[in-house]
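I have placed the structure first, in the form of structure tokens, so that the comments after it can refer back to it.
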Amino acid sequence: MTAAQPSRPTSPSRDPEGGERERYFSRLVRERPDIALCRATTLVARAVDEELSGHRLTVAQHLVLKMLNDVGPCSQQELSEQLRIDRSVMVGCIDGLEDSGLVRRERHPRDRRAYAVTLTPEAGPALAEAEGGVPRLLDRAFGSLTAAERRTLTRLVGKILDVN
């Protein structure tokens with residue numbers, strides 16, 4: 001006669017229905033805002049990638065064009081600091097925009113030792129096209145949220161980023 005094996009709880013990876021895994025992730029997201037935000041960021045990044053497929057601008061390039069349009073010529077350092085884009089990434093971003101004829105580097109009007117990034121006339125249509133896709137992107141990324149929830153999310157993320 002053999003002794004009965006103690007029963008072992010079914011592990012989430014062995015759950016044929018996947019229900020335990022779904023419950024685990026739901027609980028984890030409720031308990032860990034860091035994980036929830038990382039996973040949400042992945043979903044938003046996917047939506048951005050889908051929206052930009054076939055367009056000629058990256059997210060960083062779109063942001064640069066938008067800032068230059070809104071505030072005027074800026075140094076690469078100003079763009080990097082304001083848009084929270086690493087300097088090494090910013091160099092490639094500006095190089096790509098310059099190669100596309102959308103920006104040019106000129107002497108900075110207030111600091112002759114520095115260069116300012118300036119929009120070219122060709123930047124207007126490219127920016128308009130990118131901006132035209134923003135509503136679709138927001139709906140794709142945040143479609144499950146009401147308008148009030150989107151405003152709350154924006155406010156809370158701004159608080160995390162210390163920009164409120």
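What you see below is based on every heavy atom in this structure, not just the backbone, and it leaves out hydrogens, waters and symmetry mates. Since this is a predicted model, take the numbers as computed values, not measurements.
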Are any of the side-chain heavy atoms of [X] and [Y] separated by less than 4.5 Å?
X    : Y    : result
R84  : L161 : no
L97  : V117 : no
Y115 : R107 : yes
R105 : D95  : yes
L79  : I85  : no

Looking only at non-hydrogen atoms, find the nearest pair between G101 and E122 and report the distance. O-OE1, 3.4 Å
Kindly give the heavy-atom pair with the smallest separation between L68 and C74, and that separation in Å.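 The answer is CD2-N, 3.7 Å.
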Using the test side chain to side chain donor-acceptor pair (under 3.5 Å), find all partners of [X] that sit at least two apart in sequence or belong to another chain.
X   : result
Q82 : none
S75 : E78
N69 : none

Between L65 and V103, does the side-chain contact (heavy atoms from CB on, under 4.5 Å) criterion hold? Intermediate values first, please. CA-CA 8 Å; L65 292 182; V103 302; 3.8 Å; yes
Results of side chain to side chain contact (heavy atoms under 4.5 Å, CB included) for [X] - residues two or more places apart only:
X    : value
A148 : T146, R151
L63  : V59, L83
E81  : Q77
S100 : L102

State which residues pass salt bridge (charged side-chain N to carboxylate O under 4.0 Å, His left out) with [X]; sequence neighbours excluded, sorted by chain then number.
X    : answer
D99  : none
R113 : D111
D86  : none
R136 : E51

Counting heavy atoms not belonging to R87, are there more than 12 under 6.0 Å from its CZ?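 No, not enclosed.
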Looking only at side chains, do R56 and Q61 share a donor and an acceptor under 3.5 Å apart? no
Output the distance between atom [atom1] ([X]) and atom [atom2] ([Y]), rounded to the nearest 0.5 Å.
X    : Y    : atom1 : atom2 : answer
R150 : S144 : CZ    : OG    : 8.5 Å
L119 : K66  : CG    : NZ    : 12.0 Å
E106 : T118 : CD    : OG1   : 3.5 Å

Please evaluate residues L57 and E129 with respect to the criterion side-chain contact (heavy atoms from CB on, under 4.5 Å), reporting the C-alpha separation (whole Å), side-chain torsions for both, the decisive distance (0.1 Å), and the verdict. CA-CA 10 Å; L57 295 177; E129 179 184 346; over 6 Å; no
Throw together a table of side-chain donor-acceptor distances under 3.5 angstrom for residues 35-44, partners on residues two or more places apart or in other chains.
unit_1	atom_1	unit_2	atom_2	d
T41	OG1	L37	O	2.7
T42	OG1	C38	O	3.1

